[in-house]
Amino acid sequence: MNKFLLTLAIAITFAFTSNAQSESYVPFRVHISPFTYVIPNYTKGYGAGAGISIEPAYAINDNFVAGLKLEAALFGSGTETSSSIGAVGSYILTGDYYLGEGKSRFFGGLGVGLFSGATAAIYDNGSTSVEAAGGSGFGLVPRVGVQLSHFRLAAEYNLAPKNMSYLGIKAAITIGGGMY
């Protein structure tokens, strides 16, 4: 996996230093998502939550954009006899392919990077018990969405290790990246 990430990083570096760049769109952009609806893939009663992310990106050409997504997600649930909470942070190298031309375009993409997180649950069935887990590792992020001028809607499935996977549905504001 480390050789793959090194190869990916070298490929992105060469892409940035080459003369190819977007001809119709401003190359640099930042996607800021102040709220992501998070649906965790946990089996121990974790409910939906919220996340936040920022993703600086660069258009290598009119259709391919490479970026770095930094994201944090929180989720949990509670009843009279139990409470659970979880948190996941990630650093993801991303690549998106945009279809068509114009201010509104659909895209599909893939990311790879590091996830780190922890979960905790407290149960009170006459005696109190606590379960906690955590860890970090590499994962994948397939995603699809639509860019509507400087507004972005996307659905991402964060395939993280150690039962930290979650679906994120996000709305983001894009600064930069518009048409020339």
Side-chain angles (χ1 to χ4, degrees), residues 1-2 4-40 48-75 87-117 136-160 164-180:
M1 184 64 126
N2 288 335
F4 173 74
L5 289 177
L6 179 61
T7 304
L8 182 65
I10 290 170
I12 290 173
T13 301
F14 281 117
F16 282 124
T17 59
S18 70
N19 290 333
Q21 75 175 21
S22 178
E23 295 178 10
S24 304
Y25 301 90
V26 176
F28 186 73
R29 64 203 62 198
V30 178
H31 307 294
I32 300 171
S33 178
F35 178 76
T36 300
Y37 184 68
V38 175
I39 304 167
I52 187 170
S53 70
I54 185 167
E55 182 177 347
Y58 186 83
I60 294 171
N61 59 40
D62 283 348
N63 296 98
F64 185 75
V65 177
L68 174 66
K69 179 179 80 160
L70 309 172
E71 184 170 65
L74 299 170
F75 42 87
V88 178
S90 61
Y91 308 94
I92 309 294
L93 290 173
T94 62
D96 293 333
Y97 186 80
Y98 285 81
L99 303 172
E101 295 180 10
K103 290 186 176 184
S104 299
R105 304 192 299 166
F106 288 97
F107 67 90
L110 183 66
V112 61
L114 179 66
F115 289 86
S116 183
S136 62
F138 287 95
L140 295 173
V141 183
R143 61 188 182 176
V144 295
V146 63
Q147 183 79 40
L148 305 167
S149 188
H150 291 281
F151 185 70
R152 177 180 173 110
L153 295 171
E156 305 176 340
Y157 192 77
N158 294 269
L159 293 161
M164 294 186 290
S165 297
Y166 62 92
L167 173 66
I169 300 170
K170 65 176 56 180
I173 297 166
T174 302
I175 299 172
M179 295 185 79
Y180 281 122

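Note: hydrogens, waters and symmetry copies are ignored here, and every other heavy atom, side chains too, is used.
Taking both residues in full, the closest heavy atoms of Arg29 and Ala59 are given as NH2-CB, 3.5 Å, listed atom of the first, atom of the second, then distance. Looking at every heavy atom in both residues, Ile92 comes nearest to Val112 through CG2-N, 3.5 Å. The nearest pair of heavy atoms linking Ala171 to Ser33 is O-OG, 3.1 Å. Closest approach of Pro142 and Leu159 over heavy atoms only: CD-CD1, 4.0 Å. Here the closest non-hydrogen pair linking Phe28 and Ala57 is CD1-O, 3.4 Å. A pairwise comparison of heavy atoms in Leu148 and Ser104 identifies CD2-OG, 3.6 Å as the closest pair.
Between the CD atom of Glu156 and the OG1 atom of Thr36 there is a distance of 7.0 Å, given to the nearest 0.5 Å. Interatomic distance, Ser149 OG to Lys103 NZ, rounded to the nearest 0.5 Å: 5.0 Å. The CZ atom of Arg105 sits 3.5 Å away from atom OH of Tyr25, with the distance rounded to the nearest 0.5 Å. Taking OH of Tyr91 as the reference point, atom CZ of Phe115 lies at 12.0 Å (rounded to 0.5 Å). Distance check: Thr94 OG1 to Leu68 CG gives 7.5 Å after rounding to the nearest 0.5 Å. The distance from atom CD1 of Ile173 to atom CZ of Arg152, rounded to the nearest 0.5 Å, is 13.0 Å.
Within 6.0 Å of CZ on Phe35 lie more than 12 heavy atoms contributed by other residues, nucleotides or ligands.
The pair Lys170-Glu55 does not count as a salt bridge, with every side-chain nitrogen at least 4.0 angstrom from each carboxylate oxygen.
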Q. Taking it one step at a time, do Val30 and Ile54 satisfy side-chain contact (heavy atoms from CB on, under 4.5 Å)?
A. CA-CA 7 Å; Val30 178; Ile54 185 167; 3.7 Å; yes

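For Thr174 and His150, the side-chain atoms include no donor-acceptor pair closer than 3.5 Å.
Between Tyr98 and Phe107, the ring-plane angle classifies as tilted under the 30° and 60° cut-offs.
With sequence neighbours excluded, the residues forming a side-chain hydrogen bond (donor to acceptor under 3.5 Å, both in side chains) with Asn158 are Lys69, listed by chain and number.
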